[in-house]
S.K.: 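Just passing along the structure, written as structure tokens.
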Amino acid sequence: MIGKYLQLDNGLKFVVLDRIQLDGQGYLFLASVTEEVQYIFARTVDPDGIEPVVDGELLLKLTTLVSKKILNNN
């Protein structure tokens, strides 16, 4: 799934940068496919659904996990 593109029903497009498992829940780290790239975390709701993560504490945990993963790969 990493590197694949997602298109939402509203037409927005994202590329999947990473998949994260945290506390039994799946999350995606996404980058928008636009001129001004924006990064978001989304919780996988079901095989065809995602919802953006808005909880500040959870965003911090997910950002820390992705950062550690990137540092360990370099």
S.K.: Counting only heavy atoms from other residues, nucleotides and ligands, does the tally under 6.0 Å from CD of Q38 exceed 12?
M.R.: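 No.
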S.K.: Begin with the C-alpha distance, continue with both residues' side-chain angles, and end with the deciding distance and a verdict on side chain to side chain contact (heavy atoms under 4.5 Å, CB included) for K68 and T64.
M.R.: CA-CA 6 Å; K68 286 180 181 179; T64 301; 3.7 Å; yes
S.K.: Test side chain to side chain contact (heavy atoms under 4.5 Å, CB included) on K61 and L22; report intermediate values, then the result.
M.R.: CA-CA 9 Å; K61 286 180 184 179; L22 180 65; 4.2 Å; yes
S.K.: Search all heavy atoms of R19 against all heavy atoms of K69 and return the closest pair with its distance.
M.R.: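 So the two residues come closest at O-NZ, 3.6 Å.
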S.K.: Please give me the minimum heavy-atom distance between L30 and L17, naming the atom from each residue.
M.R.: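 Here L30 and L17 meet closest at C-CD1, 4.4 Å.
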S.K.: Under a 4.5 Å side-chain heavy-atom rule over Ile, Leu, Val, Met, Phe, Trp and Tyr, are Y5 and V37 clustered together?
M.R.: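 Per the 4.5 Å side-chain linkage, Y5 and V37 are co-clustered.
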S.K.: Starting at CD of E57, measure out to CG of L62 and round the result to the nearest 0.5 Å.
M.R.: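 Those atoms lie 11.0 Å apart.
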S.K.: Nearest 0.5 Å please: distance from the CD1 atom of I20 over to the CG atom of D18.
M.R.: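 So the gap between those two atoms works out to 5.0 Å.
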S.K.: Roughly how far, to the nearest 0.5 Å, is OH of Y27 from CD1 of I40?
M.R.: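 Reported to 0.5 Å precision, the distance equals 13.5 Å.
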S.K.: Does T44 use its side chain to pair, donor to acceptor, with the backbone of G26 at less than 3.5 Å?
M.R.: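 Judged by distance alone, yes, a pair lies under 3.5 Å.
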S.K.: Mind checking ring pair (Phe, Tyr, Trp, His ring centres under 6.0 Å) for F41 and listing every partner two or more places apart, or none if nothing turns up?
M.R.: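 For F41, the residues satisfying ring pair (Phe, Tyr, Trp, His ring centres under 6.0 Å) (neighbours in sequence not counted) are F29.
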S.K.: Just by distance, do the side chain of S32 and the backbone of F14 share a donor-acceptor pair under 3.5 Å?
M.R.: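 Not at all, since once roles are kept as given, no pair shorter than 3.5 Å links the two residues.
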S.K.: Report whether L8 and V16 are members of the same hydrophobic cluster (ILVMFWY, side-chain heavy atoms less than 4.5 Å apart, transitive linking).
M.R.: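 They do share one cluster, since a chain of ILVMFWY contacts under 4.5 Å joins L8 to V16.
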S.K.: What closest approach, in Å, do V15 and V33 show between heavy atoms, and which atom pair accounts for it?
M.R.: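 Answer, listing the atom of V15 first, then V33: N-CG2, 3.9 Å.
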S.K.: Where is the tightest heavy-atom contact between L6 and I50, given as atom of each residue plus distance?
M.R.: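 Minimum heavy-atom contact is CD1-CD1, 4.4 Å.
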S.K.: So with a 6.0 Å cut-off around CG of D9, is the heavy-atom count from everything else above 12?
M.R.: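 12 or below, so no.
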